[in-house]
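What follows is a set of notes on a single structure, which appears directly below.
Both backbone and side-chain heavy atoms feed into the values below; hydrogens, waters and symmetry mates do not. Numbers restart at 1 for each chain; the letters A, B, ... are given by sequence-line order, proteins then strands. Since the structure is predicted, the reported quantities are computational estimates derived from the model, not experimental observations.
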Amino acid sequence: MNRRWYIFILKNLIRIVLLTVCISIVTFALMKASPIDPLQANVGQAALGSMSQEQKEKLEEYWGVNTPPVQQYLSWAGDFVRGDMGTSLLYRQPVTKVIAVKLSNSLMLLAIAWILSGILGFALGVISGMNRGRLADKLIKGYCLIISSTPAFWLALLLLMIFSVWLHIFPIGLSVPIGVEASGVTLADRIYHAVLPALTLSITGVSNIALHTREKMIDIMESDYVLFARMRGEKGWRLFRYYGFRNVLLPAVTLQFASISEIFGGSVLVEQVFSYPGLGQAAVAAGLGSDLPLLMAITIVSALIVFGGNLTANILYGLIDPRIRRGGAEK
Amino acid sequence: MRQEEREPVLKIENMSIVFTQYDRGMHQTELPVIRNLDVEVYAGEMVAVVGSSGSGKSLLAHGVMGVLPYNASMGGRITYCREELTGKRMEKIRGKEIVMVPQSTAFLNPLMKIGPQIRKGRKDEESRKKLRDIFRRYELKEEVEKLYPFELSGGMNRRILISTAMIEKPKLVIADEPTPGLDLKVAKRAMEHFRELADMGAGVLVITHDLELALEVADRIVVFYAGTTIEEASVQDFEKEETLRHPYTKALWRAMPKHGFQYIPGTQPYVKNLPKGCPFAPRCSQCTGECSKEIPYRTVREGKVRCIYAE
């Protein structure tokens with residue numbers, strides 16, 4: 001048993017390292033291949049024109065325009081391995097600090113959206129799958145298909161228009177009220193500002209989870225063991241509780257943790273629409289502003305969070321499923 | 001004979017099962033998987049429905065239990081204890097008076113322990129005691145209750161599956177292919193378990209492809225060919241070829257190892273291209289033009305046969 005755990009941990013450590021290396025290389029290469037000129041993007045054409053050659057050279061050095069890419073990557077990697085993620089060129093602060101602030105802003109948003117879409121998606125998927133072909137199923141399926149073909153940013157704009165512009169129920173953007181000192185911001189303020197973006201992420205997240213859960217539920221309802229349970233007179237709530245729920249829970253766990261990546265990805269666009277100063281918005285700013293150290297760090301942190309989600313699902317699977325738990329322990 | 005004295009527990013008359021399928025786009029076709037199926041089962045009796053694979057045997061069980069897939073429809077009449085077995089009535093007695101024993105442990109919930117699964121989640125002392133008695137009877141250890149289906153050994157499987165029937169008080173037991181892939185000794189033992197259920201007073205309907213095994217334990221044999229019952233004979237009728245009635249049954253008899261292993265050419269027709277009238281006609285040496293007409297199921301020498309030339 002112990003040995004199995006050592007191998008498991010070792011395997012995943014190797015995976016994390018490989019993942020980080022690959023992601024950083026790809027991100028770096030994409031950044032270098034992007035047509036954005038850091039000087040023009042950050043200083044502006046007009047300001048650049050009025051600068052002396054000396055000033056320009058200084059700026060070019062700051063943004064690393066003339067350093068060979070390989071050397072640049074290696075020096076970044078060397079620092080990264082030593083735990084130094086560098087300084088953000090845009091925020092002029094250590095990258096770790098920027099990420100800490102942005103992540104803590106986003107975390108509440110992501111957590112609300114993740115839990116809400118997980119629970120709602122699971123419930124809708126189960127109801128739909130258990131009632132396949134009936135009205136409830138058709139309504140849920142229709143809703144999910146419409147939502148999953150709706151772009152998240154468009155939905156965000158729509159909600160913004162309805163609830164903020166027309167109805168004045170929710171703020172139009174940002175994560176805290178305007179004109180209030182940082183110390184004066186209450187938790188209620190933060191939640192109030194997070195509602196709309198979290199709602200957008202939840203609504204779009206629900207459809208995916210619900211449709212997947214529905215498929216799994218249908219598979220289970222058509223399985224031999226449910227057929228036999230029905231022949232033994234099991235139906236309704238008991239059939240769901242002992243046969244449907246237990247068996248759909250396993251794929252649901254995987255789905256829930258795999259959905260972290262989608263919520264994360266969705267937050268990039270949604271935060272942009274709501275001017276929500278989270279990790280997603282910082283990623284966009286870093287990308288458009290050629291802030292290489294920040295973008296590299298955000299990409300890697302996101303990848304690690306997603307990796308962590310999948311890893312958690314794997315571990316939970318082993319704990320929940322007796323075929324893995326007991327089957328493994330025997331050998 | 002007891003057939004005349006008592007009413008059958010289960011009487012299936014003229015059952016048909018049709019599947020509606022889409023082939024090539026929106027074109028609907030109907031697959032008559034079962035037509036003209038007649039079976040009777042009396043209390044304390046074991047009847048074996050014997051047919052080769054692909055003859056639609058398993059659907060017979062699903063049809064009686066009322067769990068056919070949504071694209072299947074059933075015709076004919078099923079009578080249970082003198083009254084017609086409607087869907088509503090079946091809902092009430094399914095799993096209590098009428099139980100089915102499936103083919104394999106794939107029909108057990110993989111995430112539910114054996115004990116609670118057989119008891120259907122009941123926790124009262126009575127059902128616990130009953131299960132312990134059943135386990136003792138089948139020489140299963142009490143620890144087996146705490147195992148999951150995947151942890152069962154091959155030898156336990158059959159006994160676990162039949163325990164699901166024993167825990168109820170069934171008047172009718174339907175066993176679907178209870179001996180697939182088992183070696184002769186285990187298969188025989190499995191069949192004997194069903195015989196015991198019949199001896200305890202239940203009507204037992206065994207659906208199987210194994211004629212030899214069925215002959216050892218059953219009282220009557222119903223021969224099933226291409227979705228149709230073509231003969232009903234007592235086990236004694238199988239002692240000699242002459243006492244059998246239908247040419248296909250006779251061919252089956254000759255194909256048994258102890259009777260010379262002879263086979264007849266051809267295969268069972270697929271439901272889509274069934275011949276009119278007798279489904280066995282294309283392979284039958286006695287076949288005439290009359291065989292393509294409607295063939296009645298008639299009584300011949302205390303058995304039944306669907307052949308106009310049987311006597």
Side-chain angles (χ1 to χ4, degrees), chain A residues 126 128-138 141 213-214 216-254 316-331, chain B residues 58-59 61-71 87 89-114 116-122 146-153 160-161 163-168 170 172-177:
Chain A
V126 163
S128 189
M130 291 279 288
N131 298 292
R132 184 191 188 185
R134 299 203 200 126
L135 186 67
D137 176 38
K138 283 181 183 152
K141 209 172 99 182
T213 310
R214 176 181 179 273
K216 288 287 167 199
M217 204 64 212
I218 287 174
D219 283 351
I220 290 168
M221 293 314 284
E222 283 178 350
S223 70
D224 286 342
Y225 55 85
V226 165
L227 184 74
F228 181 50
R230 281 171 56 212
M231 289 197 238
R232 295 185 74 202
E234 300 276 39
K235 58 189 169 195
W237 171 248
R238 286 183 50 86
L239 187 67
F240 168 68
R241 191 179 145 201
Y242 290 113
Y243 298 86
F245 183 70
R246 283 194 192 192
N247 284 286
V248 84
L249 202 57
L250 286 171
V253 164
T254 320
L316 281 179
Y317 231 85
L319 295 177
I320 300 174
D321 192 337
R323 285 165 294 191
I324 298 177
R325 178 166 25 102
R326 287 204 188 173
E330 264 172 33
K331 283 148 204 162
Chain B
S58 290
L59 281 173
H62 293 183
V64 176
M65 299 303 290
V67 291
L68 285 172
Y70 67 96
N71 60 339
R89 194 162 166 236
M90 189 70 214
E91 286 260 309
K92 277 191 208 137
I93 55 177
R94 177 160 62 203
K96 299 184 187 84
E97 291 182 25
I98 302 184
V99 300
M100 161 145 153
V101 179
Q103 301 184 19
S104 73
T105 39
F107 286 81
L108 293 180
N109 185 349
L111 300 181
M112 203 168 167
K113 285 180 184 168
I114 293 299
Q117 183 149 208
I118 296 177
R119 292 197 306 266
K120 285 198 268 194
R122 285 179 296 225
K146 296 197 179 65
L147 297 180
Y148 286 96
F150 80 96
E151 293 173 296
L152 298 176
S153 74
I160 296 293
L161 290 173
S163 301
T164 63
M166 287 287 278
I167 194 114
E168 314 291 340
L172 176 68
V173 180
I174 301 176
D176 183 15
E177 204 67 83

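- Of the two parts of V99(B), neither the backbone nor the side chain holds a non-hydrogen atom closer than 4.5 Å to a non-hydrogen atom of chain A.
- Ion pairing between R323(A) and E151(B) fails under the 4.0 Å rule for side-chain N and carboxylate O.
- If you take OH on Y70(B) and CZ on R132(A), they are separated by 5.0 Å, rounding to the nearest 0.5 Å.
- Counting only heavy atoms from C-beta outward, the side chains of I320(A) and L111(B) never approach each other to under 4.5 Å.
- Of the two parts of S104(B), neither the backbone nor the side chain holds a non-hydrogen atom closer than 4.5 Å to a non-hydrogen atom of chain A.
- With a 4.5 Å cut-off on non-hydrogen atoms, E168(B) touches chain A through its side chain but not through its backbone.
- A distance of 12.0 Å separates CG in N109(B) from CG in D224(A), rounded to the nearest 0.5 Å.
- In this structure, the portions of K120(B) lying under 4.5 Å from any heavy atom of chain A include both its backbone and its side chain.
- Proximity to chain A is limited to the side chain of M65(B), based on heavy atoms less than 4.5 angstrom apart.
- For a residue to count as touching a neighbouring chain, one of its non-hydrogen atoms must lie under 4.5 Å from one of that chain's; by this rule L147(B) touches chain A with backbone and side chain alike.
- Contact annotation: the side chain of F228(A) never approaches that of Q103(B) to less than 4.5 Å [non-hydrogen atoms, C-beta and beyond].
- By the 4.5 Å heavy-atom criterion applied to side chains, Y225(A) and L108(B) are not counted as neighbours.
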